[in-house]
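Just so it is clear: chains get the letters A, B, ... in the order the sequence lines come, proteins before strands, and each one is counted from 1.
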Number of protein chains: 2
Amino acid sequence: MDQVTRPKHAVPQPRVTSFDVAALAGVSQSSVSRAFSKRSNISEDTRQKIFEAARKLNYVPNSIASSLTTRRSNIIALIIGDLKNPFYVRMLHAFSERLQAEGRQILAFTAGPDDDTDAVMMRVLQYQVDGIIVTQARLSMRMTGLSHERGIPIIFFNRYVPGSDASCVRCDNAAGGRVLAECLLRAGAKSFAMIAGEARATTSHDRISGFVERLRESGVRPQDIETAEGFSTYDGGVIAIQKLLKDRKAPLPDALFCINDIMAMGAMDVMTHSYGLSVPTDIMVASFDNIPESGRLPYQLTTIEQPLDAMITETLKLLHLDDPGSGIELGLDRPIPGPLIWRATIPGSAPDAATLATL
Amino acid sequence: MDQVTRPKHAVPQPRVTSFDVAALAGVSQSSVSRAFSKRSNISEDTRQKIFEAARKLNYVPNSIASSLTTRRSNIIALIIGDLKNPFYVRMLHAFSERLQAEGRQILAFTAGPDDDTDAVMMRVLQYQVDGIIVTQARLSMRMTGLSHERGIPIIFFNRYVPGSDASCVRCDNAAGGRVLAECLLRAGAKSFAMIAGEARATTSHDRISGFVERLRESGVRPQDIETAEGFSTYDGGVIAIQKLLKDRKAPLPDALFCINDIMAMGAMDVMTHSYGLSVPTDIMVASFDNIPESGRLPYQLTTIEQPLDAMITETLKLLHLDDPGSGIELGLDRPIPGPLIWRATIPGSAPDAATLATL
DNA sequence: ATGAAAGCGCTAACAA
DNA sequence: TTGTTAGCGCTTTCAT
C-alpha cells in the first residue's frame, strides 16, 4: 500500500501569557509584568524566579498588548520612496540599526510618487506608532495635522514642505552647492552645466540655488548655465546628459554640477563610454551625497557628503521618543552642513577649510 | 518688554475611539466595529452614517487593539542583513509593496553577521507578527521552533539551514551555475577562475557547485579552477580579484565566474581600471542576480536573473497569511529557476533556450 | 441588522 | 515589595 509522504506540520500551542508564568512561579501576574519592565519595584529574588519560569515556558511578553495600555508601541513609521537612490538605502539601514539599538523597530511604508500618500498616512495612523519619518514623499497639511493632533511627532527627512508646521531635518543643501561652486571656480572652470532633479524636490532646488548663487557672485550669469532636468536616479542622469550632449555644436562646458551622486554616475558613464570623454580632463564633475558608490574606481567623485549620522541623531532628538509627554514642537528646521569629500573629478587639490568656512 | 518667540507646540487631543463614533452616529460601539470590517452584517445605511461620524471625528481604527483580539497584526517581520547587495534592496522594496497592497506592513529587523540573531528573534516574537521572512541571516533551530510553536510561519528567503524544519524559497542556484558554465564553455573558454562569497552562504555554495559540476562534465578538473573568496559585496569582489591578479605570472584564465553581480562589478572595475584589461576580450565574465546596476554601460553583465517576483509570490503563498488556521508545513524547499540574461561579458550570442533546458 | 457583554494580554494605580 | 483591580480599544459570541 502506497504511503504518501505528507509534509510535516507544526501544531500551534495555546499562547503562554503572563498568567501562566505567574502560576508556575507562584506569584501574581502583576509581578510578572514588573519583572519584565525596567526599573520597577521588584526584588531580585522573585525576578529571577519569574525569569526561570518564563524560560521554562518559552514566555515572551506580548508587546502588542502592552502598547494598548502604555499607548507606546516602540514602533516608528518610516515612509520611503523607491530606494533607487542608494542614499536612502543607507538611511533606511542606519535608522533601523539606531532604533533597534534602543529597543524600537521600523515599520516600513512605501509611497511612490504616484501613490496617494494620504491613504498611506491613514494606514500609518492605524498602527499607533510613536513617531513618523517621511522621506521621498509628499504629505498634505491635513495629514500632518492629524498626526500632531494624536500626539505623534512627524519629521520630514531631507525634504520640507514650505509653510507646513511639520519639522524637518536635512543636509544644508544650499551651503553645499556654494562650496562645490567655489571648488569648480578655483579649479579654473569658466562655463558650467547642471543636472537637476525634479523641480518640486526641495533638495534639488536648494543645491542648485546655492550653486547658482555662488557663481553669480563670481560674475557668471545664471542664464549662461546650461541645465538639464531628470528624475533623481541613475537613468535620470543618463537621460539628462544625453540632452546636454546630443548633436552638440557648442564647446563643452568646463564643469558639470549634478544634484546627486547617482545622477552623476549616470552622466559620467555616458560621457566616458558613449562620448569618449575623460573626467576631469575634458570636463569636471561635482555632486552631492557621498554614497558608497561615489568612491569606486570608475567614478571617484568629488562630492558633498550628507552627514547621515548627525541627521539621524537630530531626527531622533526631535522625535522625543523618551519623553512623549513633552509636546511636539512645530515647524523646526535643522539644516546640517555636510563635509566636502575631495576626490578626482575636479583637478588640483581641495581649498583649505578656512576658505570654505567663509563662504 | 521682550517677547521671545517660542516654538509652537501641538497639543495632543484625547483619543477618538469607536465609542465616540458610536455616540455621534447614534449606534452601538459594535456597529462601528462592524462598519470598519469587511464582509460583516451591517446595513449600508448605518455604515454610511458611521463613516460620516468617523470622518467628522477623524477616527481611525486602532489596529493594535484589534490585533489583540484577532491575534492577527497584519505585520510581517523581515530580518535583513546589511543591504550592501542591491539585490536585497530590491527584495525589501518588492516585499513592502506587495504586502502593503494587501493591507499588511513590514516590520524591519536588521541582523548583522556578528549580531546575536536569536536575540533579534526574541524581539520579533514580542510583536506577534503574522509571519517571518529571514534573509542574509542565520537562525538557530531553537528559534524556528519557538516561532512554529506559536503558529508563526517562518520562511528563509534565498538561504536555507540544512536539517532545519523551516521552509525555504530560493533561486535555483545550482541550475544557474550550470547554465553559466555552459555559456562560457560554448564561448570557447578553456580555463576558469571563480570568485566565491563566504563559505557558509548557501547561495554562493550552490552556485559554485552547479558551475563546477558542469565544467567537470566537460572535462575540466575542479582543482584546475582558480578560486578566490570574499564577502559578498563590491569590496569583497575588489579584494578577491586582487588576490587573483596580483604579481600574476601565469596567463589569465579565459573566464571568470562571480557568484553575484555586485562582486563581479568590483572585479571588473579593478580589471579595467587597475589592470587595463578588457571584458570580454581579455577575459569573459559571468555572474548572478541581475541587479539593476548589471545593465549599466560599464558592466553589461551576462548574468542569471533572480526571479524576484516569483520568489516573492511563492514566499507569500507559503506564509498562508489568509488562512492562518491551516497549520505550518515544515521543511519545504522551493527552488525557482532564474532566466539567463545575455549581455556583453561573454562574446557571441546566447545558447538557444532548448539547449539550456536540457542541462 | 443591531446591541450588550465578555474578553484579548498587558500596565498602572491603589491597597495591603 | 507584592497583590488586587480596573481599564487600554477592539472583536465576537449571544441575545434581541
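Considering only the side chain of B:Gln29, D:dT11 comes nearest among C:dA4, D:dT11, C:dT11. Residue B:Val27 has its side chain nearest to C:dG3 when only C:dG3, D:dC10, C:dG9 are considered. When distances are taken from the side chain of A:Ser31 to each of D:dG3, D:dC10, D:dT12, the shortest belongs to D:dG3.
Across the protein-nucleic acid pair, A:Arg15 atom CZ and C:dC8 atom C1' stand 8 Å apart, rounded to whole Å. Remark: C1' of C:dG9 and CZ of A:Phe36 are 13 Å apart, rounded to the nearest angstrom. The distance from atom CZ of A:Arg72 to atom P of D:dC8 is 18 Å, rounded to the nearest whole Å. Between the C1' atom of D:dG9 and the CD1 atom of A:Ile64 lies a distance of 13 Å, rounded to the nearest Å. At whole-Å resolution of the value, CZ in A:Arg150 and P in D:dG9 are 12 Å apart. Atom CG of B:Leu68 and atom P of C:dG9 are 7 Å apart (whole Å). Separating the CD atom of A:Gln128 from the C1' atom of D:dC8 is a distance of 10 Å, rounded to the nearest angstrom. Here the C1' atom of nucleotide D:dT11 and the CZ atom of B:Phe19 are 11 Å apart, to the nearest Å.
In this model, no donor atom of one side chain and acceptor atom of the other lie less than 3.5 Å apart for B:Arg170 and B:Thr202. For B:Arg123 and A:Gln105, the side-chain atoms include at least one donor-acceptor pair closer than 3.5 Å. Donor-acceptor pairing under 3.5 Å is recorded for the side chains of B:Gln29 and B:Ser18. Side chains of A:Thr46 and A:Ser43: a donor-acceptor N/O pair is present below 3.5 angstrom, by distance only. Defined by atom type and a distance below 3.5 Å, a donor-acceptor pair is present between the side-chain atoms of B:Ser140 and B:Asp118.
Here B:Ser33 does not reach the OP1 or OP2 of D:dC10: none of its side-chain N or O atoms lies under 4.0 Å away. Proximity of B:Ser28 to the phosphate of C:dG3: a side-chain N or O atom is located under 4.0 Å from OP1 or OP2. Between A:Ser18 and the phosphate of C:dC10, there is a side-chain N or O to OP1/OP2 separation shorter than 4.0 Å. The phosphate of D:dC8 has neither OP1 nor OP2 within less than 4.0 Å of any side-chain N or O from A:Thr70. Taking side-chain N and O atoms only, A:Tyr59 has a distance below 4.0 Å to OP1 or OP2 of C:dC10. Within the 4.0 Å cut-off from OP1 or OP2 of D:dT11, not a single side-chain nitrogen or oxygen of B:Arg71 is found.
In the region residues 41-58 of chain B, proximity to DNA chain C at under 4.0 angstrom, judged on heavy atoms, holds for B:Asn41, B:Ile42, B:Ser43, B:Thr46.
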Report the C-alpha separation of B:Arg15 and B:Asp20 in whole Å, then their side-chain angles, then the decisive distance to 0.1 Å, and conclude whether the salt bridge (charged side-chain N to carboxylate O under 4.0 Å, His left out) test is met. CA-CA 9 Å; B:Arg15 286 196 182 188; B:Asp20 302 317; over 6 Å; no
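Using a 4.0 Å heavy-atom cutoff across all strands shown, B:Val32 reaches no nucleic acid atom at all.
Here the side chain of B:Asp130 pairs no donor or acceptor atom with the backbone of B:Ile76 at under 3.5 angstrom.
B:Arg47 is not listed as a side-chain neighbour of B:Glu52, based on a closest heavy-atom distance of 4.5 Å or more.
Projected onto DNA chain C by closest heavy-atom contact, A:Ser67 and B:Ser40 fall at different nucleotides, the more 5' of which corresponds to B:Ser40. Between B:Arg34 and B:Ala65, the residue anchored nearer the 5' end of DNA chain C, judged by the nucleotide with its closest heavy atom, is B:Arg34.
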